[in-house]
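All chains are named by letter (A, B, ...) in the order of the sequence lines, taking the proteins before the strands, and each is independently numbered beginning at 1. Heavy-atom basis, side chains included; hydrogens, waters and symmetry copies ignored.
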Amino acid sequence: MIDYLCNWALRDRIKGLIVDALLDMTREERLPAGVEDASFTVEKPRDPEHGDLASNVALVLGSRCKMSPREVAGQLKDVLEPVVRRDDYLETVEIAGPGFMNFRFAERYLSELLLSIGASRQGYGDWDWGEEKKVLVEFVSANPTGPLVLVQARSAALGDILCRLLSAVGYRASSEYYVNDAGRQVEKLGVSMQCRVRELTGEGEGSIPEDGYPGEYVRDLAREYLAEHGPEGDARRMGEFAVERLLQQHQDLLQRYGVEFDRWYRESEIRSRGEAEKVLEILRHRGYAYDEEGAVWLRATEFGDDKDRVLVKSDGSYTYLLPDLAYHRDKLERGFEWLIDILGPDHHGYVQRMRAGLDALGYDGESLEVVLSQWVRLLQGGEEISMSKRAGTFITMEELLEEVGVDAARFFFVMRSPSSPLDFDMDLAREQSSENPVYYAQYAHARICSVMREADGGEAADIMSRIREPEQLAAGLGHPSELALVRLLGDFPEEVLWAARSLEPQRVASYILDLAGAFHVFYTRCRILGEDPGVSAARLYLVDCCRLILARALDLLGVAAPRRM
RNA sequence: GCGCCCGUAGCUCAGUCAGGAUAGAGCAUCUGACUUCUAAUCAGGCGGUCGGAGGUUCGAAUCCUCCCGGGCGCACCA
């Protein structure tokens with residue numbers, strides 16, 4: 001339930017009116033019984049000429065009633081028209097095209113909508129849809145063995161924004177970063193560290209192993225290690241040192257990026273508590289783990305995976321899967337009902353086996369939902385910047401942020417569907433013009449703030465309190481660009497809900513651009529200050545609502561809403 | 001070979017999950033609009049076999065089948 005007015009609520013209202021009309025008509029035997037159960041839609045038509053909300057009910061019922069859709073629509077209209085006329089929020093119902101029924105909002109509704117936004121303030125667009133269910137979003141979870149790269153920057157933006165969205169629609173959303181501080185990769189990092197330390201102390205060339213970490217940052221870390229601990233210590237200790245340093249860097253960087261994790265969950269915690277062994281025990285007990293060729297296998301094929309998976313290697317060490325499975329079990333044991341993992345594109349083969357593992361443990365694998373974030377290509381001067389680590393030309397997340405800033409990075413990363421590969425245009429992201437979507441949107445906000453500063457009372461003026469009655473707004477507003485803007489404001493709640501439910505933050509980004517566009521059009525067409533006092537007051541109220549929603553929408557993306565630019 | 005993602009205007013992409021009316025936006029290009037609240041803006045023109053072929057439907061970019069192109073996976077790596 002929501003306590004504010006929005007276009008979504010009107011959709012329900014219209015749906016109800018149509019069902020009532022259908023029931024009346026079947027009672028009068030004008031339509032065959034049961035038609036009121038038909039699934040029809042009430043949606044915003046693409047073309048605004050077709051009204052504010054349109055229903056396909058007559059097209060759906062046409063063949064069932066053995067009538068042409070337009071005939072059904074005609075009969076429905078006869079019943080609906082008087083109802084619509086009595087309705088405060090609706091103006092007209094019309095039949096159009098092949099049999100669509102087009103509804104138009106009454107001015108009264110648009111005025112009350114604005115008042116409702118003014119009354120709800122930052123809460124406008126929030127829902128209780130998630131029913132306080134606990135959802136855990138795990139993202140980035142990069143190995144602490146090297147700098148964060150672009151695809152992780154994308155995941156970070158995505159995960160953080162999903163948390164914000166899920167909270168907005170009524171979930172209790174938590175964010176976690178799983179730190180692989182205990183696996184084989186960390187050992188390799190230690191060996192690479194040792195090589196670099198020896199190199200620095202002149203103890204030999206110490207060539208980095210084939211599967212080690214040749215990056216320059218390891219040399220830096222080795223230097224730091226020497227400065228703090230001298231040449232003492234084995235590879236293990238050096239590895240731990242490097243991991244802690246890198247982890248600290250990641251934490252700092254993500255914080256600068258506006259991404260807060262509720263918890264950094266270390267694999268070593270899982271291991272030291274014996275969670276992996278517990279999982280093995282449960283799996284054996286349930287008959288889904290078996291020994292073969294010296295290894296312990298998960299019977300993943302029982303649960304739809306392509307092949308069985310190794311949990312414990314023949315040398316006795318664990319695969320990545322086992323502790324990670326223990327971690328996911330731990331999430332469920334902590335009462336999270338919905339687990340969302342954001343993974344890179346190279347991990348999609350992993351989804352099946354994790355779900356299979358959860359099923360094998362007696363949980364519902366379906367409670368795990370994976371968002372695969374696709375690759376990021378960097379473009380500069382129209383050319384792709386090669387991402388070769390070997391050639392040393394790859395750009396880290398940190399470098400990207402230095403280049404384009406947090407706002408542009410976050411916005412660009414969620415402008416596209418996570419499942420689409422992203423071409424990140426660095427030149428565009430740096431551009432301070434309308435071509436840059438981030439600036440276009442932020443400029444709309446700054447422009448409104450500028451008007452408020454000019455307005456009587458200055459920036460602190462309480463515009464909202466000047467208008468109390470819908471009539472005041474109805475009298476002051478009327479220009480098509482004003483009405484279009486109000487309607488768009490009324491779309492905000494459903495955009496938030498859909499973006500959260502379908503885990504598609506790009507909807508919010510695209511809404512922001514639409515809203516900014518509608519505002520700029522209005523701004524060009526209509527003068528706000530210095531008009532008739534009633535008109536000025538109403539327009540100020542309108543742009544204040546617009547400012548409120550722009551700010552809230554940008555906030556959902558973690559992007560700043562500047563007051564001046 | 002199997003699995004996942006992508007294919008829509010010259011370029012970058014919305015729209016596909018939830019089928020609807022004449023397929024949208026930005027960029028590029030061309031033409032216009034600042035004595036007035038920020039021109040970091042707005043208006044208009046040009047531009048399409050929605051990768052292809054079948055099928056389902058009153059109606060398909062959207063659903064189903066097959067095919068073609070591009071990317072990525074298919075480890076006792078993570």
Under 4.0 angstrom between A:Arg447 side-chain N/O and B:A39 OP1 or OP2: yes
Side-chain donor/acceptor of A:Asp346 to base of B:G73, under 3.5 Å: no
Sugar-phosphate, base or nothing in reach of A:Glu293, heavy atoms under 4.0 Å: base
Flag, side chain of A:His328 to backbone of A:Asp324, donor-acceptor distance under 3.5 Å: yes
Expected output: side-chain A:Ser155 to main-chain A:Val140 donor-acceptor under 3.5 Å: no
B:G55 versus B:U22 - spacing of their C1' atoms, nearest Å: 26 Å
Stacked pair A:Phe100-B:A21, distance under 5.5 Å, angle under 30°: yes
Between B:G15 and B:A23 - C1' atom distance, rounded Å: 9 Å
Base B:G73 paired with A:His347 side chain (donor-acceptor, <3.5 Å): no
C1' spacing across the pair B:G7 / B:C50, given as an integer number of angstrom: 10 Å
Base B:A23 paired with A:Asp47 side chain (donor-acceptor, <3.5 Å): no
Whole angstrom value for the distance that separates P of B:C74 from CG of A:Asp308: 18 Å
A:Leu298 CG - B:A75 P separation (whole Å): 16 Å
Sugar-phosphate, base or nothing in reach of A:Arg501, heavy atoms under 4.0 Å: nothing
Atom pair distance, as rounded to whole Å: CG in A:Leu311 and P in B:C77: 13 Å
Candidate nucleotides B:A78, B:A39, B:A21, ranked by approach to the side chain of A:Tyr523 - the nearest: B:A39
Nearest-angstrom distance from the residue atom OH of A:Tyr350 to C1' of B:C4: 17 Å
Sugar-phosphate only, base, or nothing, as touched by A:Thr145 at under 4.0 Å among non-hydrogen atoms: nothing
A:Tyr217 versus A:Gln249, side-chain donor and acceptor atoms under 3.5 Å: no
Centroid-centroid distance, A:Phe412 to A:Phe424, less than 6.0 Å: yes
Residue pair A:Arg525 / A:His479: nearest heavy atoms and the distance that separates them: CB-CE1, 3.7 Å
Check: A:Ser314 side chain, A:Gly294 main-chain N or O, donor-acceptor pair, under 3.5 Å: no
Syn or anti conformation of B:C11, syn meaning chi within 90° of 0: anti
Salt bridge present between A:Glu302 and A:Arg299 (N-O < 4.0 angstrom): no
Touch class at under 4.0 angstrom, heavy-atom based, for A:Asp456 against every strand present: nothing
Atom pair distance, as rounded to whole Å: CZ in A:Arg563 and P in B:C37: 20 Å
A:Arg527 side chain, from C-beta outward: closest of B:A18, B:C37, B:C76: B:C37
P-based separation of B:U36 from B:C46 [nearest Å]: 32 Å
Interatomic distance at P, B:A61 relative to B:C17, whole Å: 12 Å
Integer angstrom distance from the C1' of B:U57 to that of B:G20: 11 Å
Atom-to-atom span, CG of A:Leu59 to C1' of B:A60 - whole angstrom: 15 Å
Sugar-phosphate only, base, or nothing, as touched by A:Ala455 at under 4.0 Å among non-hydrogen atoms: nothing
Salt bridge (Lys or Arg N to Asp or Glu O under 4.0 Å) partner of A:Asp52, chosen from A:Arg104, A:Lys44, A:Arg487, A:Arg11: A:Arg487
Minimum-distance nucleotide to A:Val521 side chain [options: B:C37, B:C17, B:A43]: B:A43
Sugar-phosphate, base or nothing in reach of A:Asn56, heavy atoms under 4.0 Å: base
Among B:U36, B:A43, B:A21, the one nearest A:Arg525 by side-chain distance: B:A43
Between P of B:A78 and CG of A:Asp181, the distance in whole Å: 14 Å
B:G26 and B:U62, which share atom name C1', separated by this distance in whole Å: 23 Å
Phosphate OP1/OP2 of B:A14: any A:Ser420 side-chain N/O under 4.0 Å: yes
Touch class at under 4.0 angstrom, heavy-atom based, for A:Cys449 against every strand present: nothing
Salt bridge A:Asp462-A:Arg466, side-chain N to carboxylate O under 4.0 Å: no
Touch class at under 4.0 angstrom, heavy-atom based, for A:Thr319 against every strand present: sugar-phosphate
Residue mapping more 5' on RNA chain B - nearest nucleotide basis, A:Phe522 or A:Gly294: A:Phe522
Between P of B:C72 and CZ of A:Arg377, the distance in whole Å: 11 Å
Residue A:Ala96, side-chain heavy atoms: nucleotide from B:C37, B:A14, B:A21 that is nearest: B:A21
Closest listed nucleotide, where the reference is the side chain of A:Lys313 and the choices are B:C77, B:A14, B:G20: B:C77
Among B:C76, B:A14, B:C17, the nucleotide that comes nearest once only the side chain of A:Arg507 is considered: B:C17
Pair assignment for RNA chain B - dot-bracket with | for other-strand partners, Watson-Crick or G-U under 3.5 Å: (((((((..((((......[...)))).(((((.......))))).....(((((..]....))))))))))))....
Closest to side chain of A:Arg46, choosing from B:A40, B:A21, B:C37: B:A21
B:G48 and B:U8, which share atom name C1', separated by this distance in whole Å: 8 Å
hbond_proxy A:Ser314 side chain to B:C76 base (donor-acceptor, 3.5 Å cutoff): yes
Contact under 4.0 Å: A:Ser510 side-chain N or O vs B:A25 OP1/OP2: no
Side chain of A:Gln506 (C-beta onward), nearest among B:A40, B:G15, B:C4: B:G15
Nearest-nucleotide 5' precedence on RNA chain B, A:Ala516 against A:Ser502: A:Ser502
Sugar-phosphate only, base, or nothing, as touched by A:His520 at under 4.0 Å among non-hydrogen atoms: sugar-phosphate
Pairing residues for A:Asn102 by the side chain to side chain contact (heavy atoms under 4.5 Å, CB included) criterion, not counting sequence neighbours: A:His50, A:Ala54, A:Ala96, A:Phe100
Residues A:Arg377, A:Asp425: salt bridge by 4.0 Å N-O rule: no
Among B:C72, B:C17, B:A21, the nucleotide that comes nearest once only the side chain of A:Glu504 is considered: B:C17
Nearest heavy-atom neighbours spanning A:Cys65 and A:Pro32: SG-CD, 3.8 Å
